[in-house]
Amino acid sequence: DVGAADEVATGAERQDAEIMRAVNFATRKGVVCVASVGNEGKDMLVFPAAHGNVIGVASTTEEDKRAPFSNFGPDMVWVAAPGEGVITTFPGSSYAAAWGTSFSTAFVSGAVALLLEVDIKTNAAQAGDALSHAKSISEELGYGRLDLYEAVLARRPRPTQVLWVL
């Protein structure tokens, strides 16, 4: 089995047993699950983001603050990413600016995919650790805003130190 990054976007205030079974199965198979924390602007648990083996993602503004619509809280948010004015595809073969934690979650899912490119054996715990090398903003946003450079550095294989004995 090869690890993968999976963006889970359901968002419910109660745990759904079937979703949790799917997340647990995926995690056991090496998938790193990433989910949006929701867009109610509240300190509330939203599942599956609040599940222990899911990386919960909040949204930040252009000023590196919590986006007003983004849910928050240290019990659910692992990391945050930009979520305002994200340029995305739009019906009619065009593009548009969009807002929401789902767009932030796509950034973090992409970061996990890059971590897997650096080291295909990266598991959920290692990905979470690498993502925790974020720019600290506030406790309500977990480890802070995604810092892709620092996350990749955290997973890069360290050069082996050679000790010469003469």
Side-chain angles (χ1 to χ4, degrees), residues 1-40 42-60 66-67 69-83 86-89 98-137 139-158:
D1 293 319
V2 176
D6 185 29
E7 182 178 334
V8 183
T10 56
E13 290 182 49
R14 294 181 308 144
Q15 288 193 48
D16 179 279
E18 194 60 34
I19 294 290
M20 291 306 103
R21 276 193 292 280
V23 166
N24 289 335
F25 176 80
T27 302
R28 283 193 308 275
K29 293 294 185 179
V31 175
V32 179
C33 295
V34 181
S36 157
V37 300
N39 296 312
E40 289 80 23
K42 298 179 181 176
D43 183 357
M44 61 186 275
L45 296 181
V46 175
F47 293 91
H51 195 268
N53 57 356
V54 174
I55 295 171
V57 182
S59 286
T60 58
R66 179 179 60 83
F69 56 79
S70 179
N71 287 352
F72 55 94
D75 294 330
M76 177 174 59
V77 177
W78 189 263
V79 70
V86 177
I87 304 302
T88 186
T89 55
W99 283 252
T101 55
S102 291
F103 297 99
S104 306
T105 303
F107 283 120
V108 175
S109 295
V112 170
L114 186 57
L115 294 172
L116 288 163
E117 179 66 26
V118 170
D119 180 359
I120 193 65
K121 295 179 183 174
T122 300
N123 62 32
Q126 292 165 329
D129 178 64
L131 294 172
S132 72
H133 294 265
K135 180 186 179 213
S136 182
I137 296 176
E139 187 178 289
E140 68 183 11
L141 292 179
Y143 287 100
R145 195 243 316 121
L146 174 66
D147 186 328
L148 188 55
Y149 178 77
E150 291 296 330
V152 169
L153 278 182
R155 284 303 303 150
R156 263 186 50 208
R158 305 284 189 261

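These numbers come from the heavy atoms of this one structure, side chains and all, not from hydrogens, waters or symmetry mates.
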All side-chain hydrogen bond (donor to acceptor under 3.5 Å, both in side chains) counterparts of Ser70, not counting sequence neighbours:
none
Suppose we screen for side-chain hydrogen bond (donor to acceptor under 3.5 Å, both in side chains). Which residues come up paired with Thr27, at least two apart in sequence or across chains?
Asn53
Evaluate the side-chain proximity of Asn123 to Val32: yes if any heavy-atom separation is below 4.5 Å, no if none is.
no
Which distance, rounded to the nearest 0.5 Å, do you find between the OG of Ser59 and the CZ of Phe107?
9.5 Å
Rounded to the nearest 0.5 Å, the CG atom of Asp16 sits from the NE2 atom of His51 at a distance of 11.0 Å
Is any side-chain heavy atom of Arg66 closer than 4.5 Å to one of Ile137?
no
Output all residues satisfying salt bridge (charged side-chain N to carboxylate O under 4.0 Å, His left out) with Glu40, sequence neighbours left out; order by chain, then residue number.
none
Side-chain donor/acceptor pairs under 3.5 Å, residues 144-154, sequence neighbours excluded:
unit_1, atom_1, unit_2, atom_2, d
Arg145, NE, Asp64, OD1, 2.9
Arg145, NE, Asp64, OD2, 3.3
Arg145, NH2, Asp64, OD2, 3.0
Asp147, OD1, Tyr149, N, 3.3
Asp147, OD1, Glu150, N, 3.1

How close do Ile19 and Pro48 get, heavy atom to heavy atom, and via which atoms?
CG2-CB, 4.1 Å
Name all pairs fulfilling the salt bridge (Lys or Arg N to Asp or Glu O under 4.0 Å) condition that reach into residues 115-134, sequence neighbours left out, sorted by first residue then second.
Asp119-Arg155
Quick check against the 3.5 Å criterion: does Asn39 have a side-chain atom that pairs as donor or acceptor with the backbone of Thr101?
yes
Considering non-hydrogen atoms only, spot the tightest contact between Val34 and Val112 and give its length.
CG2-CG2, 4.1 Å
Hey, could you give me each pair passing salt bridge (Lys or Arg N to Asp or Glu O under 4.0 Å) that has a residue in residues 73-82? Not counting sequence neighbours.
none
Report the residues that fulfil side-chain contact (heavy atoms from CB on, under 4.5 Å) with Ser136, sequence neighbours left out, ordered by chain and then residue number.
none
What I'd like to find out is whether the side chain of Asn71 reaches to under 4.5 Å of the side chain of Val77, using heavy atoms alone.
no
With side chain to side chain contact (heavy atoms under 4.5 Å, CB included) as the test, would you mind laying out the steps for Val23 and Val31 before giving the verdict?
CA-CA 9 Å; Val23 166; Val31 175; over 6 Å; no
Could you pull out the closest heavy-atom pair between Ser104 and Ala81, with the gap in Å?
OG-O, 3.0 Å
Those residues that, when tested against Asp43, pass side-chain contact (heavy atoms from CB on, under 4.5 Å) (two or more places apart):
Phe72
Please check this pair: side chain of Trp78 against backbone of Val57, looking for a donor-acceptor N/O pair closer than 3.5 Å.
no
Measure the CZ-CD1 distance between Phe103 and Ile87 for me, rounded to the nearest 0.5 Å.
10.0 Å
My understanding is that only residues two or more places apart in sequence, or in another chain, count here; which of them pass side-chain contact (heavy atoms from CB on, under 4.5 Å) with Ala80?
Ala58, Thr60, Leu141
Specify the closest pair of heavy atoms between Gly83 and Phe69, including all atoms of both residues, with the distance to one decimal.
O-CZ, 3.4 Å
Quick one: side-chain contact (heavy atoms from CB on, under 4.5 Å) partners of Ala22, sequence neighbours excluded?
none
For the residue pair Thr122 and Leu116, what are the closest heavy atoms and their distance?
O-CD2, 3.5 Å
